[in-house]
Amino acid sequence: MSQPKKITGGLALAAGTAIGAGYGIAKGVHKAVRQTHARPVFGLICPMEEETAPFRESMDIAKTTRFSGLVFYEGMLWGQRAVLVQCGVGKVNAAVCAQALCSHFPITYLINIGVAGTTRPGVRQGDLVLSTDAIQHDVDVTVRGFAPGEIPDMADSDFQADAMLIDLATRAFDLESEAMDGANLFTGRIVSGDQFIAGGARADTIQATFDPCAVEMEGAAVAHAATLNNVPFLIVRAISDNADEDAPSVSYPEFLPLAIVHTATLVRRMLALAGDAADA
């Protein structure tokens with residue numbers, strides 16, 4: 001699905017579901033609010049505290065808002081307006097968080113950042129993956145004639161990432177390649193589910209059915225909510241393991257800090273490039 005560039009990283013898991021009955025009204029209001037701002041506002045969602053901390057520590061926080069059990073930080077991050085939030089692990093947490101972010105803040109783009117496993121040969125621990133699309137691998141209505149991952153009564157269940165954000169992240173990686181410790185950059189499908197995949201028949205089935213670059217627990221849920229709200233999105237994941245019983249070359253606790261540095265470096269450069277484009 002893609003050819004590698006260069007980098008090192010990750011382990012998390014993700015997906016997406018229900019958004020809520022009043023989403024249509026919220027979408028219209030949200031879109032109108034976003035269009036009043038000349039410069040972009042980046043919404044950043046991380047599942048875990050360790051993944052969120054470097055962004056929060058680098059942010060000039062102007063306002064903190066708490067609702068739906070979540071803490072939203074608004075302010076300036078590396079020269080750009082941003083809203084940062086930690087969603088927690090799993091599809092429901094991710095979907096609730098993404099919808100709250102879309103409904104209550106004037107975000108222009110949404111980026112989901114974290115770690116993931118992989119079932120694809122050739123993708124290794126430390127590599128970075130950018131989503132081309134996202135799908136929920138644990139949605140199964142095949143008994144009613146639907147394809148694996150297909151959500152009944154939805155026009156699309158395969159949520160497409162924003163091409164401009166993919167390009168921005170790819171250029172950012174190229175500019176920061178020396179800081180990526182020899183890792184590769186892949187673009188490809190990311191699949192999410194409320195399951196921790198650790199090899200065996202389930203991992204084989206996911207790979208054979210969906211051919212993902214990364215497997216985690218939140219990304220497709222974020223993508224689902226972003227798509228329903230017409231907010232361009234991108235999922236950025238550092239690969240922590242190969243979703244099997246084989247021990248990675250570096251243990252997860254040892255690897256996580258390195259993955260966080262790499263994803264933060266990539267996003268920092270993305271925001272700098274976005275600022276350059278806005279000023280042009």
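Residues: numbered from 1 along the sequence shown. When reading the values below, keep in mind they use all heavy atoms of this one structure, side chains included, and skip hydrogens, waters and symmetry mates.
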Asks: Would you confirm whether Arg39, through its side chain, and Arg81, through its main-chain N or O, come within 3.5 Å as a donor-acceptor pair?
Replies: no
Asks: Could you measure the distance from the CG atom of Asp204 to the OG1 atom of Thr119? Nearest 0.5 Å is fine.
Replies: 8.5 Å
Asks: For Asp133 and Arg189, which heavy atoms make the closest approach, and how far apart are they?
Replies: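 Smallest interatomic distance, heavy atoms only, reads OD2-NE, 2.7 Å.
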Asks: On a heavy-atom basis, which atom in Cys213 and which in Arg120 lie closest, and how many Å separate them?
Replies: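 For Cys213 and Arg120, the tightest heavy-atom pair comes out as SG-NH1, 3.1 Å.
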Asks: Is it the case that the side chain of Asn93 and the backbone of Gly90 share a donor-acceptor pair, with hydrogens and angles ignored and the cut-off at 3.5 Å?
Replies: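 Pair absent, no side-chain N/O of Asn93 close to backbone of Gly90.
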Asks: Report yes if the side chains of Arg268 and Glu176 come closer than 4.5 Å at any heavy-atom pair, otherwise no.
Replies: yes
Asks: Could you measure the distance from the OG1 atom of Thr132 to the CD atom of Gln160? Nearest 0.5 Å is fine.
Replies: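 The distance works out to 7.0 Å.
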Asks: Which pair of non-hydrogen atoms, one from Gly122 and one from Phe186, has the smallest distance, and what is that distance?
Replies: O-CZ, 3.6 Å
Asks: Under 4.5 Å between side-chain heavy atoms, hopping through other hydrophobics if needed: is there a path connecting Met59 to Tyr109?
Replies: yes
Asks: Might you point out which heavy atoms bring Pro40 and Thr108 nearest each other, and give the distance in Å?
Replies: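 Nearest heavy atoms, Pro40 then Thr108: CA-OG1, 3.4 Å.
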Asks: If we ignore hydrogens and angles and just use 3.5 Å, is the side chain of Asp60 paired with the main-chain N or O of Met76 as donor and acceptor?
Replies: no
Asks: Would you say the ring centroid of His104 lies under 6.0 angstrom from that of Phe72?
Replies: no
Asks: Keeping Asn112 on the side-chain end and Ile45 on the backbone end, is there a donor-acceptor pair under 3.5 Å?
Replies: yes
Asks: Atom OG of Ser157 and atom CD1 of Ile135: how far apart are they, to the nearest 0.5 Å?
Replies: 6.5 Å
Asks: Please determine whether side-chain contact (heavy atoms from CB on, under 4.5 Å) holds for the pair Glu150 and Val141, giving the CA-CA distance in whole Å, both sets of side-chain angles, and the decisive distance to 0.1 Å.
Replies: CA-CA 7 Å; Glu150 184 177 1; Val141 197; over 6 Å; no
Asks: If every non-hydrogen atom of Phe55 is compared with every non-hydrogen atom of Ala264, which pair is closest and at what distance?
Replies: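 What the structure gives for the nearest pair is CZ-CA, 3.7 Å.
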Asks: Any heavy-atom pair between the side chains of Val215 and Gln207 that's under 4.5 Å?
Replies: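 Side-chain contact under 4.5 Å: no.
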Asks: Is it possible for you to say whether Leu128 and Leu175 belong to one hydrophobic cluster, with membership spreading through side-chain heavy-atom contacts below 4.5 Å?
Replies: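 Yes: a chain of side-chain contacts under 4.5 Å links Leu128 to Leu175.
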Asks: Could you measure the distance from the CE atom of Met270 to the OG1 atom of Thr170? Nearest 0.5 Å is fine.
Replies: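 So the gap between those two atoms works out to 8.5 Å.
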Asks: Between Leu273 and Phe42, is there shared hydrophobic-cluster membership here, with clusters defined by ILVMFWY side-chain heavy atoms closer than 4.5 Å?
Replies: yes
Asks: Side chain to side chain donor-acceptor pair (under 3.5 Å) with Arg202: which residues, sequence neighbours excluded?
Replies: His137, Gln195
Asks: Under the criterion side-chain contact (heavy atoms from CB on, under 4.5 Å), I'd like the reasoning laid out for Asn229 against Gln99: C-alpha separation, chi angles, the key distance, then a yes or no.
Replies: CA-CA 8 Å; Asn229 286 275; Gln99 183 58 52; 2.8 Å; yes
Asks: For Ala134 and Ile235, work out which heavy atoms get closest and say how close.
Replies: CB-CD1, 3.7 Å
Asks: To the nearest 0.5 Å, what is the distance between CG (Leu101) and OG (Ser68)?
Replies: 11.5 Å
Asks: Where the side chain of Thr263 meets the backbone of Ile260, is there a donor-acceptor pair that is under 3.5 Å apart?
Replies: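 Answer holds: yes.
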Asks: Taking CD in Glu178 as the centre, count heavy atoms belonging to other residues, nucleotides or ligands within less than 6.0 Å. Is the count above 12?
Replies: no
Asks: Roughly how far, to the nearest 0.5 Å, is the CG atom of Leu110 from the OG1 atom of Thr227?
Replies: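 Going from the OG1 atom of Thr227 to the CG atom of Leu110 covers 10.0 Å.
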Asks: Is a donor on one side and an acceptor on the other found under 3.5 Å between the side chain of Asp140 and the backbone of Thr142?
Replies: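 Such a contact is found between Asp140 side chain and Thr142 backbone.
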Asks: Apply side-chain contact (heavy atoms from CB on, under 4.5 Å) to Leu44 and Leu77, showing your working.
Replies: CA-CA 10 Å; Leu44 306 180; Leu77 178 63; 3.4 Å; yes
Asks: State, yes or no, whether a side-chain contact exists between Leu168 and Leu234 at a heavy-atom distance under 4.5 Å.
Replies: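 No, their side chains stay 4.5 Å or more apart.
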Asks: With a 4.5 Å limit on heavy-atom distance, are the side chains of Ser131 and Phe233 in contact?
Replies: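 Yes, their side chains come closer than 4.5 Å.
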Asks: Please tell me whether Val41 and Val231 are part of a single hydrophobic cluster in this structure, the criterion being side-chain heavy atoms less than 4.5 Å apart.
Replies: yes
Asks: Are Leu228 and Phe105 linked, directly or through other ILVMFWY residues, by side chains that come within less than 4.5 angstrom of each other?
Replies: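 In one cluster: yes.
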